[in-house]
Amino acid sequence: MGAETGAADVRASHGGAASVDDTVPEPDAAADAEPADERRGTRLDDWWGRMLATPRRRALWYWGGPILVTLLAAVLRFWNLGHPQAIIFDETYYVKDAWTLLHNGYESDWPDEADDDFARGDTGIFLDAPAYVVHPPLGKWMIALGMAAFGADSAFWWRASTALGGTVAVFVLAMVARRLWPSTIIAVIAAFLLAVDGNAIVMSRVALLDNWVMLFALLGFWFVLLDRAAAKRALEERLGEARAAGRDPHYGPAIWARPWVVAAGVAFGAACAVKWSGVWFLAAFGVYLVVVDALARRRAGVPFWLTAAVLKQGPVTFVLLVPVAVVVYLASWTGWLVTDGGYYRHWADEAGNAATGWLAWVPHALQSLWHYHQSAYTYHIGVHGPHPSQANPLTWLIMFKPTNMYFSSTDDGSGGCGADTCWESIIGIGNPLIWWAAAAASVYLVYRLVRYREWQTGVILLGLAAGYLPWLMYLDRTVFQFYSIAFQPYTMLALTAVIALVLGRRDDPSWRRIRGITTVAIFLVFVLAVSAFYYPIWTAVPVTPQFRQLHFWAPSWST
């Protein structure tokens with residue numbers, strides 16, 4: 001995308017000699033003439049510099065900061081994870097599907113009203129008949145990991161792997177943020193926002209699929225960023241060798257040694273193998289890789305840089321990325337392919353169904369799988385039934401209609417909230433301060449992309465667009481706010497980008513730096529306080545009806 005600039009290297013774009021804990025200046029900050037003798041930075045900056053004065057301390061902070069915020073995320077996701085001991089919301093599909101995948105290799109049917117029996121530990125009542133499911137298997141295999149190790153008698157274990165995935169995503173986001181900005185402080189802030197947000201917490205504590213789409217797509221994004229730096233170095237080395245040998249590289253080399261592109265293919269293929277919406281991340285970042293290659297060649301002085309990126313390096317990148325993703329996707333169907341009981345498994349074996357002519361050579365199992373995909377796609381585009389928690393995608397960024405996933409009430413004083421009537425809820429309400437600030441920041445980054453063409457801004461918006469914009473094609477479908485978890489890391493990065501601008505740099509004028517640190521500190525303290533206030537209705541803690549009502553800051557949240 002056009003977000004690449006001549007200062008492509010992260011360190012170069014932020015002043016060349018910036019330390020890992022410098023924060024990000026406005027691009028036009030140099031235009032603000034300041035008196036030469038004006039004090040720079042703050043006493044806090046001086047103290048922090050002394051704290052990180054040795055390589056050992058810098059290394060401790062470099063890894064310790066992200067690890068600490070990841071531990072915070074783990075506590076918020078794993079505490080009391082087994083409550084409620086009940087199948088809630090769409091766990092009715094994915095938990096039971098995961099359990100039958102372990103036993104039959106394919107998703108199997110269950111007797112009517114099986115949820116309560118399953119929650120009581122009667123988990124062996126599934127049938128051999130196949131169930132018709134419309135999502136690929138990988139997300140359900142991931143849910144099955146905890147049950148495979150420890151059984152399905154406890155809700156903790158059918159949710160544990162999803163909680164672990166959500167925790168890992170916090171650490172990955174810190175790594176991504178540090179690739180975007182050379183600052184551990186900024187990386188920790190980005191991870192903190194995801195760690196304490198309600199939508200991310202709820203989606204890590206309920207065994208649904210969307211958390212896995214988020215994690216695998218975020219991993220793919222990280223790998224693309226790692227490749228960006230590695231490919232730039234490889235290109236410069238190869239061009240330097242060619243020029244030293246007296247050759248004029250009109251197109252530049254085709255670079256095959258790009259392991260991070262292969263890793264990205266694995267990650268994006270895994271996202272697709274959880275839900276088909278993962279394909280948009282694969283497509284968006286696949287195009288991004290080609291654009292980055294083109295601009296890297298232009299900066300390196302390759303005469304036919306665009307032709308080389310599209311026609312020479314582009315096919316190589318495609319081979320390293322897309323077929324790998326396809327193999328990962330097909331591998332996720334292994335259980336269905338190697339067993340005989342899956343839905344539509346023998347469709348092509350029935351008279352009149354198998355392909356003829358030039359496609360007749362395709363194995364019947366793959367023909368049946370293709371038919372299954374056609375049927376599932378028809379189902380997806382035809383989902384129009386009303387649901388009390390459905391949310392129009394146009395409203396997702398402002399969190400107009402959160403998803404109410406669980407509600408329980410006691411009226412006999414036994415609920416544990418200190419009153420006769422106690423309510424328990426699991427509602428996917430994000431922290432309002434985070435969500436509304438992130439929505440505003442995302443809009444602001446569009447302006448910054450046009451005005452300054454920062455590559456960090458461009459790639460953040462690309463991830464957001466890949467996860468969000470495709471849903472605008474399905475405004476008449478029944479969809480839910482919690483789908484937004486797939487692109488939430490990018491809204492957190494958008495907010496982090498603005499926070500970095502507010503913080504400024506350690507060499508900013510003292511008054512500006514103090515103002516920035518104070519503003520960000522106050523905001524983060526309020527974010528933490530609001531998360532503490534909302535945590536009970538994210539985690540089914542018993543509360544009074546009056547206390548629960550205090551959390552509905554918009555009329556649409558309470559219905």
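Not measured: the values here are computed from a predicted model.
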Is it the case that more than 12 heavy atoms not belonging to Phe533 sit under 6.0 Å from its CZ atom?
yes

Is a donor on one side and an acceptor on the other found under 3.5 Å between the side chain of Gln313 and the backbone of Ile255?
yes

Check: residues 301-309 side-chain donor-acceptor pairs under 3.5 Å, at least two apart:
none

Do we see a donor-acceptor contact under 3.5 Å between the side chains of Arg477 and Gln390?
no

Once the angle between the rings of Tyr468 and Trp396 is folded into 0 to 90°, is it parallel (under 30°), tilted (30 to 60°) or perpendicular (over 60°)?
tilted

Just how far is it from atom CG of Leu194 to atom CE of Met214, taken to the nearest 0.5 Å?
6.0 Å

With sequence neighbours excluded, tell me which residues meet ring-ring contact (aromatic ring centres under 6.0 Å, His included) with Phe482.
Phe89, Phe480

Who are the side-chain hydrogen bond (donor to acceptor under 3.5 Å, both in side chains) partners of Trp538, not counting sequence neighbours?
none

List in chain and number order the residues that pass ring-ring contact (aromatic ring centres under 6.0 Å, His included) with Phe223, two or more places apart in sequence or in another chain; answer none if no residue qualifies.
Trp260

Using 0.5 Å steps for rounding, measure from the OG atom of Ser484 to the CG atom of Asn199.
4.5 Å

Taking the six-membered ring of Trp63 (Phe, Tyr or Trp), confirm whether the NZ or CZ of Arg178 is under 6.0 Å from its centre and within 45° of its axis.
yes

Distance (rounded to the nearest 0.5 Å) between Met175 CE and Leu219 CG
12.0 Å

Backbone N or O of Leu76 within a donor-acceptor pair of the Tyr535 side chain at under 3.5 Å?
yes

Worked check of side-chain contact (heavy atoms from CB on, under 4.5 Å) between Leu321 and Phe285:
CA-CA 10 Å; Leu321 181 73; Phe285 286 108; over 6 Å; no

When rounded to the nearest 0.5 Å, the distance separating CG of Leu225 from CD of Gln456 is 9.5 Å

For the side chain of Ser556 and the backbone of Phe400, is there at least one donor-acceptor N/O pair under 3.5 Å apart?
yes

Residue set satisfying side-chain hydrogen bond (donor to acceptor under 3.5 Å, both in side chains) with Glu236, at least two apart, ordered chain then number -> Lys232

Could you go step by step and tell me if Val196 and Ile434 meet the side-chain contact (heavy atoms from CB on, under 4.5 Å) rule?
CA-CA 9 Å; Val196 304; Ile434 294 176; 4.0 Å; yes

Mark yes or no for whether His380, through its side chain, and Val134, through its backbone, hold a donor-acceptor pair below 3.5 Å.
yes

Return yes if some donor-acceptor pair links the side-chain N/O of Thr491 with the main-chain N/O of Gln488 below 3.5 Å, else return no.
yes

Polar side-chain atom of Lys312 near backbone of Gly252 as donor-acceptor pair, under 3.5 Å
yes

So how far is it from Arg39 CZ to Asp508 CG, rounded to the nearest 0.5 Å?
13.0 Å

Identify all side-chain donor-acceptor contacts of residues 262-284 below 3.5 Å with residues at least two apart in sequence or on another chain.
unit_1: Lys275; atom_1: NZ; unit_2: Asp210; atom_2: OD1; d: 3.4
unit_1: Lys275; atom_1: NZ; unit_2: Asp210; atom_2: OD2; d: 2.8
unit_1: Trp276; atom_1: NE1; unit_2: Tyr329; atom_2: OH; d: 2.9

Does Leu81 offer a backbone N or O that forms a donor-acceptor pair with the side chain of Arg159 under 3.5 Å?
yes

Side chain of Trp557, backbone of Met399: donor and acceptor closer than 3.5 Å?
yes

Side chain to side chain donor-acceptor pair (under 3.5 Å) contacts touching residues 165-175 (sequence neighbours left out)
none

Trp553: partners by side-chain hydrogen bond (donor to acceptor under 3.5 Å, both in side chains), with sequence neighbours left out
Tyr534

Could you please spell out the steps behind the side-chain contact (heavy atoms from CB on, under 4.5 Å) verdict for Leu493 and Leu173?
CA-CA 8 Å; Leu493 290 171; Leu173 187 65; 3.8 Å; yes

Who passes salt bridge (Lys or Arg N to Asp or Glu O under 4.0 Å) against Arg548, sequence neighbours left out?
none

Do Asp227 and Arg258 sit within salt-bridge range, that is, some charged N less than 4.0 Å from a carboxylate O?
yes

Under the rule for salt bridge (Lys or Arg N to Asp or Glu O under 4.0 Å), what residues qualify as partners of Arg77, not counting sequence neighbours?
none

Of the non-hydrogen atoms in Val69 and Val188, which two are nearest, and what is the gap between them?
CG2-O, 4.2 Å

Considering residues at least two apart in sequence or located in another chain, which fulfil the ring-ring contact (aromatic ring centres under 6.0 Å, His included) criterion with Phe78?
none

Less than 4.5 Å apart, any side-chain heavy atom of Leu235 and any of Pro253?
yes

Look at the side chain of Thr162 and the backbone N and O of Ser204, then say whether any donor-acceptor pair between them is shorter than 3.5 Å.
no

Got a second to check how far Leu464's CG is from Phe487's CZ, nearest 0.5 Å?
6.5 Å

Residues forming a salt bridge (Lys or Arg N to Asp or Glu O under 4.0 Å) with Asp45, sequence neighbours excluded
Arg513

Would you check if Thr496 and Trp181 make a side-chain contact, meaning some heavy-atom pair closer than 4.5 Å?
yes

Ser531 side chain to Asn431 side chain, donor-acceptor N/O pair below 3.5 angstrom
yes

Donor-acceptor under 3.5 Å (Thr457 side chain, Leu449 main chain)
no

Derivation and outcome, side-chain contact (heavy atoms from CB on, under 4.5 Å), residues Arg58 and Met51
CA-CA 8 Å; Arg58 287 194 294 271; Met51 289 294 296; over 6 Å; no

Please tell me if the side chains of Val172 and Val176 come closer than 4.5 Å, counting only heavy atoms from C-beta onward.
yes

4.5 Å side-chain heavy-atom contact, Trp61 and Ile185:
yes

